[in-house]
Amino acid sequence: MSRLDLHLHTTFSDGSQTPTDVLTLASKAKVTALAITDHDTISGLPEAIEAGRSFGIEVIPGIELSSRWDNTELHILGYFLDWKNVELHRQLTRFQDARHVRNPRIIEKLNALGIHLTYDDVKALAGNASIGRPHIARVLIEKGYVTSTKEAFDRYLADGAAAHVPRELPEPAEAIAVIRAARGVPVLAHPSWLDRSEGIFRVCEQLKGVGLGGIEVHYSTHRPEQTAAYLDVARRLDLLVTGGSDFHGVTKPDIEVGIGKGQLKVPEALLEPLRKAAQA
Ligand SMILES: [Zn+2]
Ligand SMILES: [Zn+2]
C-alpha cells in the first residue's frame, strides 16, 4: 500500500534524522512522494532531493513557517516552492535572524536562574540546524539539569515557564505571502492546534482571504471526527486537502514516517490537485 507524507522534519530544523535518513524511512514505509517541511528553512532540500532520486521517491520542496495568531503560534506549510528564489532566501534569513535574537535571551534567563550553559554549547549541539528550543532542551538534559525534553519545556522553555522568551513572529498573512511569492501553495498546518471557540471554519475563511490554499486534514494526532470536520471545512471553503505525519524522529518518538501513530493514511490522490494549484 503506497502513501504520501507531506509533513516531515529533519536535522536542518528540529528533527533528529538527516534528510537521507528520512528518505530511507519513507522508502521502508512505501511512501511514493513526500515533502520536507523544516521550520523556516529550505537548507535540507538539496540533500533530500538527491536522496529521493536514489530511492525513486518524489521530494516536494516544502517549508513550515511559524506565525503569530493572538497568543498562540499558527503554522503555515508551503508546497512546491521555487526554492532557489532569491527573495525567498532573503525572507527566510530575516525570520531566522529573529531566532538568533531570541535564543541568546533564553540563555541569559537560564543563566540568571543559576543554570550554567552558553549559547556556544547550544550551537555546538545543533550543528547546521536552525537553532530552536529543542536544542536548548537537549543541552539541559546533557548537563543534567533535567531528565527529559518535556521536563525542560515544563520547567524552563514553554510559554509561561521560567526562562520563556516570546518569539517575534510574522502575521499569518505575511507567512502566506512569502510562500505565494515563491510560487508555493500555503496550507494551514495541524488545525487541531487552533481548535478554539471561534471555530476552525472562521480561521480558515479569514486566512483564505489572504491567500491560504489548503488545510492539513490528515495528521498523526487527528481523531477520526476531527479529520471529518476539517474535510468538511475544506469542502465548504474550496481549500485543498493535504496530510502528513509531522515526523521529528526522537523528539516525537511515537510518530513514524508515512504512518504517524499507525493510523495515518494520506491518500495519493491529494498530490495532483496540489501540484496543479502550484502551477496555476
Ligand atoms: Zn507545526
Ligand atoms: Zn511540523
Side-chain angles (χ1 to χ4, degrees), residues 4-19 21-22 25-26 31 34-45 48 59-79 81 92 95-96 98-99 102 129-135 137 149 153 157-159 167 169-172 174-176 178-179 184-196 200 203-204 207 212-222 226-227 230 241-261 264 266 274:
L4 303 177
D5 192 338
L6 302 179
H7 192 159
L8 296 157
H9 295 274
T10 77
T11 45
F12 284 85
S13 64
D14 56 351
S16 65
Q17 307 306 118
T18 66
D21 294 337
V22 171
L25 293 167
V31 169
L34 59 78
I36 299 295
T37 55
D38 275 315
H39 297 287
D40 302 332
T41 181
I42 48 178
S43 302
L45 292 180
V59 175
I60 293 140
I63 198 159
E64 183 171 25
L65 297 179
S66 300
S67 70
R68 170 85 51 216
W69 180 272
D70 294 338
N71 292 320
T72 80
E73 280 193 19
L74 182 149
H75 293 176
I76 305 284
L77 296 157
Y79 293 114
L81 291 169
L92 295 180
F95 292 156
Q96 284 153 16
R99 285 178 184 252
R102 182 200 196 195
S130 77
I131 296 169
R133 286 180 296 173
H135 300 114
T149 301
F153 272 80
L157 303 171
D159 284 10
R167 216 177 128 185
L169 289 172
E171 295 288 310
E174 190 184 347
I176 288 170
V178 165
I179 292 166
V185 183
V187 170
L188 176 64
H190 39 65
S192 49
W193 285 26
L194 278 173
D195 247 349
R196 288 170 304 158
I200 202 69
V203 175
C204 287
L207 294 180
L212 188 75
I215 173 171
E216 189 176 44
V217 167
H218 305 278
Y219 187 70
S220 292
T221 58
H222 285 173
Q226 288 176 306
T227 304
Y230 303 140
V241 173
T242 72
S245 63
D246 209 358
F247 172 83
H248 279 73
V250 296
T251 37
K252 291 186 181 180
D254 54 340
I255 291 174
E256 290 179 46
V257 174
I259 57 168
K261 293 187 170 199
L264 185 70
V266 184
L274 191 62

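Both ligands and their constituent atoms are indexed starting at 1 by order of listing.
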Residue [X], metal the Zn ion (ligand 1), N/O/S under 2.8 Å:
X     : result
Glu64 : yes
His39 : no
His7  : no

How close do Val217 and Thr227 get, heavy atom to heavy atom, and via which atoms?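 Closest heavy-atom pair between Val217 and Thr227: CG1-O, 3.5 Å.
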In His75, the N, O or S atom nearest to the Zn ion (ligand 1) is which? ND1
Tyr230 ring center within less than 6.0 Å of His222 ring center: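 Yes: the rings meet the under 6.0 Å criterion.
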Test His218 against Glu216 for side chain to side chain donor-acceptor pair (under 3.5 Å), laying out the working first. CA-CA 6 Å; His218 305 278; Glu216 189 176 44; over 6 Å; no
Looking only at N, O or S atoms, which one in His9 sits nearest to the Zn ion (ligand 2)?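 Nearest to the Zn ion (ligand 2) within His9's N, O and S set: NE2.
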Name of the Asp246 atom (N/O/S only) found closest to the Zn ion (ligand 2): OD1
Distance-only polar pair, side chains of Asp38 and Thr41, donor-acceptor under 3.5 Å: no
Is atom CD of Gln17 surrounded by more than 12 heavy atoms (other residues, nucleotides or ligands) closer than 6.0 Å?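 Count over threshold, so yes.
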